[in-house]
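Structure, as structure tokens:
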Amino acid sequence: MNLYLFNTMSGKKELFEPINANDIKLYVCGPTTYQIPHIGNFRTFIVFDTLVRLLQSIYSKVTYVRNVTNIDDKIIIEAQKHEISIENLTHNVYVKFRDECNQLNLLTPDHEPHATDYISQMIEHIEEMIKNKYAYVSDEEVLFDTSKCSKYLALAPHERLDFGNRVEINKNKKNFADFVLWKKTTKPNWQSPWGHGRPGWHIECTTMSKNLLSFPFDIHGGGQDLIFPHHTNERAQCYALHNIECAKYWMHNHFITIDKSKMSKSIGNVMYLSNLTKKYSAMSIKLAILMTHYRHPLNWKNEKIQEAQNIYDKWIRIKSKYHSNALKIDIENEKSKFEVISSVYEALLDDLNTSLAVQCLHRAIQNCKNEYQWQKIENSLSLLGIKLEAPSHKIDEKAVKKLIEKRDEARKIKDFATADSIRKQLKLMNIEIDDTKDGTKWKVKC
RNA sequence: GGCCGAAUGGCAGAGUGGUUAUGCAGAGGACUGCAAAUCCUUGUAUGUCGGUUCGAUUCCGGUUUCGGCCUCCA
């Protein structure tokens, strides 16, 4: 069983060979909790959720870390805007974020470190970098000296470091690409050897990954836009501390676009899960995202979610067939609980080809003959983190049954006008009915 | 400007040097009082110009268009 992953570092699909097969270590850059993440942000978390599930199916232990950046300029601005404390803002956003993760059936990471819990370790690391001559202190900040890192642009070889005309030049910097490790500020502030201030963005991830996973770890993931400068700088910082690569494999997902423009808060073309779930189920939104390969752009359209919703609804209907005993067979042992559709698995092992995996699922579902095979299909779906569950609504069952009885009576005396009007009434209650040989069945519309 | 990526049927989207996936939508049929669902049948595609090849959607080169990164970013 070989897992191939596209490594940004080499620009190629590579055979995944773990550093230690007894404990696979994965770090994914998580949300900055100034605003609830939009669906584009969630693409990353959905993609790496699938990766973690796949890794868990192969290896006995997977340590998954996804951080929470809870200190950042944007957070400070947002808190001021709403006249609330930074702690309140970041906590509120984090709670909502976790709720949306649950709706999307995302695994809870083994560690979800909050940046503010690691300030003292960040300070230690910055001190060490200064000692190793990779960092220097200016009037305003502590800066990282990128010229000391010979392979600084290894992850992003196409970047150029001579575009000074595009950005305001910071006179304190020795090199244009140098970045901030510690910024001297009064609000919010932590004490440090360089005075009051707060850490730079890049050191946060380095410190958290070092503390929870140690270097080097297996996989570092995130959105494509983090390649430069964030991940480039994380690499550089690890070199400054240990003179090694921090991660063996770097994985980056492409963006969600709307009208071909990247979905981003700065453009303002964002979609939020809470809006989408008013019309579509969270699972079908997840399915819609997994129907495109993670390294390809995903242009968001309502038609696309509707398609996923149609597919998901159909799967729910098919599932109910296998729970009706009609096709039940004896399952010999517990084995089928762990078996998956091999074509689905192979697709996932090939650089997480979730799109192909869904297509293989269509075929498997089409050919499914018995409950044993259905179990394999559900196992395969769970590799994608997709649960087949009809949404639960508060329904007055008695009222529904009464209406259906009334309709059946009308049908018996061929009063179809009354029968149809009752059906309309039920439809308004979000109830779908189905006239079968065994009588009228009803269910809540997905 | 530098670099990178993409281009496939109505839509979405994989794979593949030769038999042209798959899904959604559409059309026709079966079933049904009518629906819904289900089943059967069905059409349409590889941006453009060259090259390599017996054969290219696939490999190579040019070109066009779109998008991304270039210290806000998933």
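Values below: every heavy atom of this structure, side chains too, minus hydrogens, waters and symmetry copies. Just so it is clear: chains get the letters A, B, ... in the order the sequence lines come, proteins before strands, and each one is counted from 1.
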Inter-nucleotide P distance (B:A25, B:G5), Å rounded: 36 Å
A:N299 side-chain N/O to B:A12 phosphate OP1/OP2 under 4.0 Å: no
Contact check, side chains of A:Y27 and A:N67, non-hydrogen atoms, under 4.5 Å: yes
Phosphate OP1/OP2 of B:C72 contacted by A:S266 side-chain N/O (<4.0 Å): no
Donor-acceptor contact below 3.5 Å, side chain A:N175 vs main chain A:A177: no
Sugar-phosphate, base or nothing in reach of A:H293, heavy atoms under 4.0 Å: sugar-phosphate
Contact under 4.0 Å: A:K314 side-chain N or O vs B:C24 OP1/OP2: yes
Donor-acceptor pair under 3.5 Å, A:E307 side chain vs B:G23 base: yes
Residue A:T32, side-chain atoms from C-beta onward, closest of B:A37, B:C72, B:A74: B:A74
Name of the residue among A:H230, A:H125, A:H231 meeting ring pair (Phe, Tyr, Trp, His ring centres under 6.0 Å) with A:H202: A:H230
Base-contact (B) and sugar-phosphate-only (S) positions in nucleotides 31-36 of chain B, heavy-atom cut-off under 4.0 Å, - elsewhere: --BBBB
N/O (side chain, A:N310) to phosphate O (OP1/OP2, B:A25) under 4.0 Å: yes
Sugar-phosphate, base or nothing in reach of A:H296, heavy atoms under 4.0 Å: sugar-phosphate
A:R295 vs B:G5: side-chain N/O to OP1/OP2 distance below 4.0 Å: no
Given B:G23, B:C11, B:U71, the nucleotide with the shortest approach to the side chain of A:H362: B:G23
For nucleotides 27-30 of chain B, give me every protein contact, N/O to N/O, under 3.5 Å, one pair per line with atom names.
none

Touch class at under 4.0 angstrom, heavy-atom based, for A:I227 against every strand present: nothing
Any side-chain heavy-atom pair of A:Y239 and A:S150 under 4.5 Å: no
Strand RNA chain B in bracket notation, Watson-Crick/G-U under 3.5 Å with | for pairs to another chain: (((((((..(((.....[...))).(((((.......)))))....(((((..]....))))))))))))....
Contact under 4.0 Å: A:H254 side-chain N or O vs B:A6 OP1/OP2: no
A:K304 side chain near B:G13 phosphate (N/O to OP1/OP2, under 4.0 Å): yes
Touch class at under 4.0 angstrom, heavy-atom based, for A:G40 against every strand present: base
Distance below 4.0 Å between A:K265 side-chain N/O and B:C72 OP1 or OP2: no
